[in-house]
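The next block holds one structure in the form of structure tokens; read it before the comments.
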Amino acid sequence: MASLIHCPHCGVRPSQEFSIRGDASVVRPAPEASDEAWHEYVHIRSNPHGRHREHWQHVAGCRRGLVVERDTFTHDVFSVTDGAAVAREGGR
Amino acid sequence: MTKTYISRHPLEGRIPLEPGIRAVDHLEVPRRQAIVTVMAADGEDTAVAAVLATMSEPSLRCVGPGEWLVVSQSETPEGLQRSLALVLAETAYVLDQSDGRIVLRLSGPNVRRILAKGVAIDLHPSVFGLGAASNLLCGHVNVNLARTGENEFELIVMRSLAESLFDDLRLMGREFDLSADFSG
Ligand SMILES: [Zn+2]
């Protein structure tokens, strides 16, 4: 696991200060979407070997939800963005 | 039936370590301190920051985007909360935390070396200068750490974790004979 995360609000921090909240690439379906769509969203996850987008929360720091793009194989971190900014970009 | 509640500091019974002895590196524990959380309403971050920056006595501790702890030695918790709620009006949420948080003030020539045993950030003044503050982990305990002087830092910790953090700091400061006592 990547041991240092560059929080956009707090600077470089050890990963122990964060809690990983899971895949950030899945998009919540519409409320009336099919059972299959909800099943996919709630239960089905890929286990990528390489680049991956995840929700991380800086629980021991600014407490903000972040989107971390990292490589699950090399531990390289490509980007860390505030979750609210990502949601605004996605029009959510 | 009326009940009498007595305010008791969680470090009562542990402090002073050795009465009357004050080493060069010292942990000072203020008995009373007004601590208030200020959280900006949606979209009001800069407006609230501007108002808070104009205040002189209470000191400002950054917690995260749009969120601060305001600490005052001289004001009462009620007074500080009231005056902040008045100037910030609808732009922020103001909540008294004085009963739930404890302030520990660490000072002396070796404080950076003491803190480095538990804190994972760079404490050099060019990185973490006077007035800088941040939430972080000290060992396993969540604290708000602030630089209040060249060789002085303040840690604000949840009341229920104060004893734990106090024990950790004692251990971290043992090689420098860290002393500890109440003040105020
Ligand atoms: Zn952060």
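We use all heavy atoms of the structure for the numbers below, so side chains are in, but hydrogens, waters and symmetry mates are not.
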**Message:** With a 4.5 Å cut-off on side-chain heavy-atom distances among I, L, V, M, F, W and Y, is there a chain of contacts connecting B:V38 to B:L69?
**Reply:** no
**Prompt:** Is it true that B:M39 and B:M158 fall in one hydrophobic cluster, defined by side-chain heavy atoms closer than 4.5 Å?
**Reply:** no
**Same apolar cluster: B:I156 and B:L115, side chain cutoff 4.5 Å** = no
**Prompt:** Out of curiosity, does B:I15 fall in the hydrophobic cluster containing B:V103 (side-chain heavy atoms, cut-off under 4.5 Å, transitive links)?
**Reply:** no
**Prompt:** Minimum heavy-atom separation for A:V59 to B:N142, with atom names?
**Reply:** O-ND2, 3.9 Å
**Asked** Of the backbone (N, CA, C, O) and the side chain (C-beta and beyond), which part of B:L137 lies under 4.5 Å from a heavy atom of chain A, both, or neither?
**Response** both
**Request:** First locate atom CD of A:Q16, then atom CG of B:L136, and finally report the distance between them rounded to the nearest 0.5 Å.
**Result:** 13.0 Å
**Prompt:** Under 4.5 Å between side-chain heavy atoms, hopping through other hydrophobics if needed: is there a path connecting B:I35 to B:L52?
**Reply:** no
**Request:** Might you point out which heavy atoms bring B:G64 and A:C62 nearest each other, and give the distance in Å?
**Result:** CA-CB, 3.8 Å
**Item:** Intermediate values then yes/no, side chain to side chain contact (heavy atoms under 4.5 Å, CB included), B:N135 and A:H58
**Value:** CA-CA 10 Å; B:N135 273 16; A:H58 196 185; over 6 Å; no
